Amino acid sequence: MDDSEARSAGPIEQASDLSEIAAHSAVSNLLDVAAQLAGFAEDLKALSSRPIEPTPTLAEPDDQPESGFSGII
């Protein structure tokens with residue numbers, strides 16, 4: 001192999017290495033996302049086992065201020 005062949009082979013090897021690094025990075029990212037989704041699924045499973053309880057709102061008559069009081073002193 002002469003110098004011109006060695007120079008032309010260099011970038012190909014670098015591209016191959018970068019491609020391999022990118023593939024490993026993508027696999028790692030996918031595994032992280034899969035782990036997060038599994039965690040979310042567990043959270044949803046735990047939440048689904050709890051009963052839904054109504055929360056009081058300000059629309060209920062007991063929570064509204066008296067009609068004669070404007071709130072400004």
Side-chain angles (χ1 to χ4, degrees):
M1 177 183 290
D2 63 9
D3 288 339
S4 63
E5 291 177 17
R7 276 186 249 136
S8 67
I12 293 172
E13 290 178 19
Q14 288 178 354
S16 175
D17 290 344
L18 289 176
S19 177
E20 187 175 333
I21 291 169
H24 285 290
S25 179
V27 168
S28 177
N29 289 342
L30 285 174
L31 289 174
D32 289 344
V33 169
Q36 288 178 353
L37 287 174
F40 291 149
E42 289 296 319
D43 292 345
L44 286 174
K45 184 178 175 182
L47 286 172
S48 69
S49 66
R50 296 182 186 172
I52 298 174
E53 298 178 9
T55 56
T57 62
L58 292 177
E60 295 177 7
D62 293 340
D63 293 340
Q64 294 181 0
E66 296 178 19
S67 60
F69 180 69
S70 67
I72 300 174
I73 299 177

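What you are looking at is a predicted structure, and each value in this text was computed from that prediction instead of being measured.
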Atom pairs and distances, side-chain donor-acceptor, residues 38-48, under 3.5 Å, sequence neighbours left out:
unit_1, atom_1, unit_2, atom_2, d
S48, OG, L44, O, 3.4
S48, OG, K45, O, 2.8

Looking at CZ of R50 and CD1 of I52, how far apart are the two atoms once the value is rounded to the nearest 0.5 Å?
-> 12.0 Å
Who else is in I21's hydrophobic cluster (ILVMFWY, side-chain heavy atoms under 4.5 Å, direct or via others)?
-> none
